[in-house]
Every structure is written in C-alpha cells, then in structure tokens.
Number of protein chains: 2
Amino acid sequence: MTTADRIVDAAASLLDAGGESAVTLRAVGLASGVSHNAPYKHFKSRSALLAAVATRDFTELEEAFARIGRERVRPLTKLKRALQHFITYGREFPARYRLLYSDPELARQGGDLEAAAMKSFLTFTSLVSECQQSKQLPSVPPLQLAGLLYASVHGLIDLQAGGQMRSEKGLMGAEAGVLLLLKLLSQAE
Amino acid sequence: MTTADRIVDAAASLLDAGGESAVTLRAVGLASGVSHNAPYKHFKSRSALLAAVATRDFTELEEAFARIGRERVRPLTKLKRALQHFITYGREFPARYRLLYSDPELARQGGDLEAAAMKSFLTFTSLVSECQQSKQLPSVPPLQLAGLLYASVHGLIDLQAGGQMRSEKGLMGAEAGVLLLLKLLSQAE
DNA sequence: ACCTGAACACCGTTCAAGT
DNA sequence: ACCTGAACACCGTTCAAGT
C-alpha cells in the first residue's frame, strides 16, 4: 500500500463521513499519517486528489457492470441489477456519487477520470444493447438509449440524494422510478 | 430595491460569472456596496444567502411553467416548451442550476426553498397531466410520470452541465434526449 | 434597525529546508 | 524521491462599537 493509496483512502473516508467540505488537506494528512502538504507530492492539487477518488470509483463501477454482464440471467435482469447497484452506491455514498457526476471542477480535468467514466458508460451500454437484441427494449441507436437511461437514473439518484424527493408525496424513490421507466420503454419500439 | 435584494442580485451575478466558489461574502459585499459582513444582517449565513438565490430561481421557473400552461397550444407542445425552457436555463446558468438540485447543504434548510421547489414541480405536473388527458402520454399516476420526466430531464441537464456528455460520440444533448424520451413514452400506455 | 472594522480560526498553496 | 514546518493570502463567522 503506497502513500498515495493511503491518501486516496483517507480522502474517500472523509468524504463519506462529512461530505466534500470535510476533505481538507490537513484532515487527509492527519488520517493518512503524513503532514498536511505531503499530498502535494502525489497530487497536483486538492482537486486532483478528489479526481483520483472519483476515478477509482468509476473503475469499481465499471467492474461491477462487467461482473453483472457475465451472469447467466436474462438481459433485462442484468440491466435491472446494474441499475440497482448504481442506485445503492448513490444512496450509500452520496458525497462520492456527487463527485462522479456533479463536479464541474473535476470534469474539466479530463485525463484518467474521463477515460474511466467513458469506460463505465460503455460497459453499461453493452447491457442495454443486449436487452435490445432480445427485444426487451426498443430498437433505437444503443448509445442513445443507453445515454437516456443513464441520464434518467442519474437524475433519480441525484434528486434523491439532494433531498428533493423527500416530502413530496406520490413521488417515487429511485428504484420505483427506474422500474416504471423500464416498463414504459419496453412498451415502445 | 432593498439592500437584501441587491445582495441576492450580487450573489447571482457572481455565481454566473465564476461559479459557487466565487460567491464569497467579501465579493458580495463589494458588488452590492456594503461591507463584507453586512449580509449577516439579512441572511443567517452564506448558505442561507445561496438558498435565497435558489428560491428566487425556483419561483421564476414556476412562473415560466405557469405562463406556458396558459398558452393556447396542444398539451404536448406546452410540455415541450416547458422542458426547453428548463434546459435552456440549465445551460445558460449552470452554477445557479446546480444550486437548485445538487446542493445537499441547501436542501437540508427546508423552508421557503423547499416550498418554492415543490410549487414549481406541481405546476410542471399539471402540464404532464394535460398530456395524459389528451392521450399523448401513458395513463400512469400523474405525479409518478411527472416525477420520472422531471428527474430524467434533470439528469440530462446535469450530465451536460458536468461535462459528461462532451467527447462521447453518439450521445445526445439534453434537447435530443428529451425528445427521444417523449417519443418512446408516447408509445406506451 | 443597520452597518463597520478588527479579530479568530480555518483553508489551499508555496517554499525553503531536511533525509 | 519524499517529506516537514513556516509562511502567505484567502475565507466564513463573531463581536464590540458606531449611527
């Protein structure tokens, strides 16, 4: 376990425990046993450190999608499991989730983060594509349908994480929203 | 124009010009002609000031939805115009847009902000409901369908604002995504 | 009631210096 | 190559004091 790994771990833990504002370089240093500016020897800035956390999570997300893709169940079941995994991750680690998709500062950095994000989306697309081949989802261009589904479930997770779906009766949680969407989409062609 | 109004205006301008991190109380004070801690006489904290900006924007959004609802065109045309308004606002003012839906700090404050958010969503729901009555959208519970559409378009706007839909070829912009979603949904019942 | 200026405890980042 | 401690310029927030 390198120092850089311990620093990324500490940042992820602080993120989970107290949100983005809790990830100060001083706290990261303390939690990983180095001085408050040792992280600069491994990451260009605080923002680059957060990008490393996000890149790691994107990679884990992609691995989960790929693992689900290898299961021997119906394509639509795979897709539902992938979406459930996505939703669960977003609910359990909201601060890290927001890092992946809602941080303009990070998105501008490109590089590894962008590549990992793209790879996870492409693996997700292959799950959608399978459903189309087995006629369980309408036959529009796969990347378009996958992009739409990806954006929709992101919106559901994000509104839930942001507390927007709290007191509004009649509004569904992310799981119910995804199931409704899949049901309606499966009726189209 | 009260001092409080000038402070909110200044915060909104700074937000548009330089993102959330540019909204320091010192910059707000300078831009609105008061000292850097005069805002505390009008708002409990920096966070409460940002909530006031978000509340104002939610109110304007609701007014736009209501205005579109009064136009004398087909229900589906109204809905499309409302969604287009939403998307355009998100693209032109990304930092303010993110304040509405992606700031957990603000969501926890409840109060005026939550009420304004709810009102704008309910007005949006009435546009969706009209489409259902004229059989242009499937007849599932209106709040559920409206919630799904709202979350989906939010996801499209948010991914676009976060730069996630940039280099990925084949991925649609928010407008095309919404149109595809409406097309597919209109084929369901 | 509304505002100011000074002060406090933080923060990211830089830099000279150490091994 | 990797790390430290001091320093710099910021920041949100508080407080005593002014009108």
Per atom distances to the A/L25 side chain, the nearest of C/dC3, C/dT13, D/dC3 is C/dT13
At under 4.0 Å between heavy atoms, what does A/H36 touch on the DNA or RNA strands: base, sugar-phosphate, or nothing? base
Side chain of B/S35, heavy atoms from C-beta onward: which of D/dT4, C/dT13, C/dT4 has the nearest atom to it? C/dT4
Please report the distance, rounded to the nearest Å, between CZ in A/F43 and C1' in C/dT13. 16 Å
I need the OH-C1' distance between A/Y40 and C/dA17, as an integer number of Å. 19 Å
May I ask you to check whether B/E175 and B/Q84 show a side-chain donor-acceptor distance below 3.5 Å? yes
To the nearest angstrom, the NZ-P distance between B/K41 and D/dG18 comes to 15 Å
Interatomic distance, A/I7 CD1 vs D/dC2 C1' [rounded to whole Å]: 11 Å
Taking a pair as Watson-Crick or G-U wobble with both distances under 3.5 Å, which nucleotide is matched to C/dC3? none
Does some side-chain heavy atom of B/F124 sit less than 4.5 Å from a side-chain heavy atom of B/L149? yes
Is B/H42 near enough to C/dA1 that one of its side-chain N or O atoms lies under 4.0 angstrom from OP1 or OP2? no
Would you call B/D5 and B/R56 a salt bridge, using N to O less than 4.0 angstrom? no
Measure CG/B/L50 against C1'/D/dT13 and give the value in whole Å, please. 15 Å
How many Å lie between CG on B/L30 and C1' on D/dC10, as a whole number? 15 Å
For B/R26 and C/dC8, give me the distance from atom CZ to atom C1', rounded to whole Å. 11 Å
Taking C/dC3, D/dC11, D/dC3 as options, the one with an atom nearest any side-chain atom of B/A38 is C/dC3
Rounded to whole angstrom units, what separation is found between the NZ atom of A/K44 and the P atom of C/dG12? 16 Å
Which nucleotide wins on minimum distance to the side chain of B/N37, given the candidates C/dT4, D/dA6, D/dC3? C/dT4
Listed nucleotide nearest any side-chain atom of A/R46, set D/dA6, C/dA16, C/dG12: C/dG12
Show your working on ring-ring contact (aromatic ring centres under 6.0 Å, His included) between B/F65 and B/F121 and close with a plain yes or no. CA-CA 9 Å; B/F65 289 162; B/F121 173 68; 9.7 Å; no
Assign B/V28 to base, sugar-phosphate, or nothing according to its heavy-atom contacts below 4.0 angstrom with the strands shown. nothing
Please report the closest heavy-atom contact between A/A151 and B/L156, naming both atoms and the distance. CB-CD2, 3.6 Å
Mate of C/dA9 where both pairing distances stay under 3.5 Å, Watson-Crick or G-U: none
May I ask you to evaluate whether B/T3 reaches the phosphate of C/dC2, defined as a side-chain N or O under 4.0 Å from OP1 or OP2? no
